[in-house]
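I have placed the structure first, in the form of structure tokens, so that the comments after it can refer back to it.
Bear in mind that the values here come from a model prediction, so they are computed numbers and not experimental data. Below, chains carry the letters A, B, ... as their sequence lines are ordered, and counting in each starts from 1. Only this structure's heavy atoms are used, side chains among them; waters, hydrogens and symmetry mates stay out.
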Amino acid sequence: MSKTGKCIGIAAFIFFGTAPAVLAAPGGGSSGAPVTQPKQNIDPAKSYQEGVEALEAGDYKKAERKFGEVLRVMRDMPEANYYMGLAKVGREKHKASVKYFKRAVKERPNFVEAREQLALSYIVLEKTEEAAEQQAALEELKVSCATAECDTNFIKRLDDALSRIALAMGEGIETDDVSAAPIDKDIFAARTDGESRYGAAVRLINQSRYDEAIEALYLAQAAIGPHPDVLNYLGFCHRKLGDFDKARGFYALALEIDSQHLGANEYLGELYVETGELDRAKRQLVKLDALCAFGCAEREDLARLIEIKESVRRAER
Amino acid sequence: MRTVQIVFAVAGFASVASCSFWHGLTLSEAPSASAEKPLRSDIELTEAKWTAAEADILYILTKEPAECLAPASDKETQYLIDVGRTAFNSPFLLGGQAARARLTCNSCHRRGGDNPDFFIAGLSSKPGTADVTSSIFSKIREDGEFNPVAIPNLIDSAAKSSFGSHGVSAELNAAPESMLSLRAPGKGSLELQAFIASAITDEFQGVPPPQSVLDGLVAYVAHLKSDECASDNVDRTLSADVARIAGMIDAAIESVERGERDTASLLVLTAQNKFVDIYERYNIDGLLDQRNVILDRAQQLAKLRPKVAARKEKIEIELAAFLASLDQFARYLESSSEHSLYNKGVLIELLGLEETEESI
């Protein structure tokens, strides 16, 4: 058997080619907050960076470990699931990879690269029907681009993915064809790129362009990993768009990573004010009092909001 | 089965995120340390936060510009100057990202002057500049361009009739009508007030401050005069920091007596916050007791503040007692200041800085 031209490239993903409605909040559910215990010694953003580096270096075992750490904190993060799937593929664990690719596409249905990898893993596992389902889903995304606004790059990615799946389905592939190939370093976004994207998101938030800010924040997160600043602003944007459940979920994640995060504690308090849960809002204020020994704007803004809400309530009585 | 070339999709990020120059207000390190924890491994001095990489950090941490403040002509003006000086140094005057980044007027205008070392990546093109029309701080002035301007020197503003990059007419038009009543009018004061009011609410998304705070800022800036400067710079010392806090409490007591509780509340909060400057200087090994004392003082003010806001009877007496206790506080800390970051030798040793001609 010949082993020609094996090349594993890791996709840096674009996930906003179609409607933003596909940007599901991690955790989900009515309460919004995933119930997990704090992982004291894990900085998931650091683990994420290390996982990406390991993947780049072809150290799939380490990549598995690092993305495992990320997923312990943020089980549904599409990028981490995708990367974990790639690490599994790198170790020829195609069956195990399926779970992670499936999670990635469940959270982000327009995640082209995850769908492609899922299809390819199914092909390796000789599950042609399931592979065809992914192929059809990609075709459907392409059709939806006829009515929705899809950028040309997104359409090209769809076309490329579909061609590769078609090729693999037609010609068949073997398990070891996808392992131990070099990874193109250029396609990984550096942390500094993530910070640029975060900066862009802050600008958009200040312009009240929350849908676009969410996209920018997801881009930042894809480069940085789960970071409380990013998660906090994801919560903020969803709250401003009226989706309190998603907002709660993001605040909970931010606070799980850093329970002392001033912004997340403040904004969760603001959410409670908006939903009329003033007792909870006041508990957040007490927490900020403890965290801000020297005073802080976050505490002051929440206090002001609670005061306004209470005076409105008094006036209504 | 034939083997085929499998190429995992390679896709670049799309260009929705167009801001490629943001590294200034960076992501925080997670998890953040609480105030109670010693931060030996993470020494951070707020004063050096917005400083260009090429700046003489040792000089900035050991010296500061002299305050070129003209004497007040009467008690009323003195009160306003004291209120304004506090507000000028308060991170609670501004709003939005600026407040969260703990920026104050003094961050850009050190003691009312300019700040040739100021730099925030994404907002500055070179040291001493800032893009004041960026939505990072406020959507109101966003112009879609990266166009930093030199930070203006506010000294001798009383004689000016135009301020900032927009000129006075734009500032006057932008300032809320309710913010344009002057308690201590003087030459150029209306224009200066419009400039300051617009900077707070438009440039930095702050809520309109109490009228006496705005009047105070105008009075303070209007009394900054170049011919009042005895020297270019003064030493950065513990006693100067404690004296600043004392001045804030003193002004707060008078605000309480005048029944200006919102102003008094801002002054007390700012004084509480200024203890962090001292805390940061003692945030090294072996000075835990000192840090606890500093924290305790800040917490005492935090407890007094609701009483100020509620106009609790005799709160001015409690504030006066706090003020009186600051002497003892300063003496206690002074006894160990040689081991703190107020000592240039310690700064050089712990921060790996080099002595320069300027900092000697």
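Of all non-hydrogen atoms in F137(B) and N206(A), the two that sit nearest each other are N-ND2, 4.0 Å. Between Q272(B) and C292(A), the closest heavy-atom pair is NE2-O, 4.0 Å.
In this structure, the portion of F92(B) lying under 4.5 Å from any heavy atom of chain A is its side chain and not its backbone. Heavy-atom distances place both the backbone and the side chain of Q207(A) under 4.5 Å from chain B. With a threshold of 4.5 angstrom between heavy atoms, R299(A) approaches chain B through side-chain atoms but not through N, CA, C or O.
Residue-level contacts of residues 296-309 of chain B with chain A, in order of numbering, are A298(B), Q299(B), R305(B); threshold 4.5 Å between heavy atoms.
To the nearest 0.5 angstrom, L204(A) atom CG is 10.5 Å from I136(B) atom CD1. Separating the CG atom in D301(A) from the CZ atom in R100(B) is a distance of 4.5 Å, to the nearest 0.5 Å.
For N265(A), the side-chain hydrogen bond (donor to acceptor under 3.5 Å, both in side chains) partners two or more places apart in sequence, or in a different chain, are Q284(A), K287(A).
Using a cutoff of 4.0 Å between basic side-chain nitrogens and carboxylate oxygens, E298(A) and R102(B) are scored as salt-bridged.
Shown are D277(B), L269(B), L295(B); of these, the side chain to side chain contact (heavy atoms under 4.5 Å, CB included) with F294(A) is made only by L295(B).
The 12-atom threshold is not exceeded at NZ of K156(A), counting heavy atoms of other residues, nucleotides or ligands nearer than 6.0 Å.
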